[in-house]
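Below is one structure, written out as structure tokens, with a few remarks after it.
Keep in mind it's a predicted model, so treat the numbers as computed, not measured. Just follow the structure's listing: the first ligand is 1, and inside any ligand the first atom is 1. Start at 1 with the first residue, then count along the sequence. Both backbone and side-chain heavy atoms feed into the values below; hydrogens, waters and symmetry mates do not.
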Amino acid sequence: MRFYLAEDYKELSRKAARIIFSQVALKPKSVLGLATGSTPLGMYRELVKIYREEKLSFSDIKTFNLDEYYRISKENPQSYYYYMHKNLFQYVDIDEKNINIPDGEAKDIEGECMRYEEEILKAGGIDLQVLGIGVNGHIGFNEPDLKFEALTHLVELDETTIKANSRFFESQERVPTRAISMGIKTIMHSRKILLLANGAEKVDAIKEALEGEIKPQVPASILQLHPNLTVIADKEASQKLSSSIKNRKYN
Ligand code: GLP
């Protein structure tokens, strides 16, 4: 694991965008796994800036998003489809056919989950997967207690997740209670993983994930076993991390 301690959110976002930039510069046909939530917003802003100023092209890139609420329409401003277009895709030269997000209105859920897995395989697998972390240690929408071995599947959201995400909705009742999410197994198959955490509310989740026991109750703890994991956390989120993690050399 490589660990990068960022001074603040701005630095975290810049560093993360630089990592994606390098990935794409080295392999223009990269397959990127993308995340939503508040954490990667700054990274997407930085990426758009790099795209404009340094001519980073997304034209050969394929993207796979981690998850989507179920049921939700693409036009719903709370859908992750909408989020991705609003915050990244509308600004860059990505080809719409290279964008993959689970269909939040799929009639045949199982079929949709299988199709998603097949598309990832057809694309040659994910080169770099970006992850945020939930306050309860979830990644994607893989909630505590789900089996580690799951592929893309339908998830019942935790109360804590519904509550945490209600800030984006008019009320808590409006938050969908289910989602389609890549499974832990799908995530772990990515060649590289970039985990981002900022703010004091993530302090326990990141501590448990990186230094706690590896167990399904803390889904992100499985990342300790990934051979190519980079973590970028800001000072607030890193408060409880031991110095052996914080002092790891990042190069
Ligand atoms: C959401 C998403 C996750 C995200 C997490 C943290 O529920 N499904 O992919 O990483 O919650 O969100 P935030 O970055 O807003 O704290």
| Using a distance-only test with no angle check, is there a side-chain donor-acceptor pair under 3.5 angstrom linking Q90 and H85? | no
| query | Which of the atoms in ligand 1, numbered in the order shown and given with their element, are less than 4.0 Å from a heavy-atom of T39? | reply | 13 (P), 14 (O), 16 (O)
| remark: Closest heavy-atom approach to atom 9 (O) of ligand 1 among P40, G132, G140, G134 is made by G140
| query | For the ring pair F64 and Y116, is the centre-to-centre distance below 6.0 Å? | reply | yes
| remark: heavy-atom search around atom 4 (C) of ligand 1 in the protein gives T36 O, 4.0 Å
| At a non-hydrogen distance cut-off of under 4.0 Å, which region of Y80 contacts ligand 1 (side chain, backbone, both, or neither)? | side chain
| Looking only at protein heavy atoms, which one is nearest to atom 16 (O) of ligand 1, and how far off is it? | K202 NZ, 2.6 Å
| request: Provide the number and element of each atom of ligand 1 under 4.0 Å from a heavy atom of G37. | output: 14 (O), 15 (O)
| request: With heavy atoms under 4.0 Å as the rule, classify the contact between L131 and ligand 1 as side chain, backbone, both or neither. | output: neither
| message | Which of the numbered atoms in ligand 1 are under 4.0 angstrom from any heavy atom belonging to F141? | response | 7 (O), 8 (N)
| request: Verify the distance criterion only: is there a donor paired with an acceptor across the side chains of S73 and E105 at less than 3.5 Å? | output: no
| Minimum-distance protein heavy atom relative to atom 8 (N) of ligand 1 | D67 OD2, 2.8 Å
| message | What I want to find out is whether E11 reaches R14 closely enough, with some N-O distance under 4.0 Å, to be called a salt bridge. | response | no
| task | Answer yes or no: are there more than 12 heavy-atom neighbours, outside Y82 itself, under 6.0 Å from its atom OH? | result | no
| request: Name all residues meeting the side chain to side chain donor-acceptor pair (under 3.5 Å) criterion together with S244; count only those two or more places apart in sequence or in a different chain, and write none if there are none. | output: S242
| Do S221 and E213 get their side chains close enough for a donor-acceptor pair, meaning under 3.5 Å? | no
| task | Could you tell me whether A35 approaches ligand 1 through its side chain, its backbone, both or neither, with non-hydrogen atoms closer than 4.0 Å? | result | neither
| message | Under 3.5 Å, is there a donor on one side chain and an acceptor on the other for D158 and N136? | response | yes
| task | Below 4.0 angstrom from a heavy atom of H138, which ligand 1 atoms are there? Numbered from 1 as shown, please. | result | 1 (C), 5 (C), 7 (O), 11 (O)
| N165: numbered ligand 1 atoms lying under 4.0 Å from its heavy atoms | 1 (C), 7 (O)
| query | Short list, please: which atoms of ligand 1 are under 4.0 Å from a heavy atom of I133? | reply | 6 (C), 10 (O)
| query | Using heavy atoms and a threshold below 4.0 Å, how should the contact between R167 and ligand 1 be classified: side chain, backbone, both, or neither? | reply | side chain
| message | Please confirm whether the ring centroid of Y44 lies under 6.0 Å from the ring centroid of Y91. | response | no
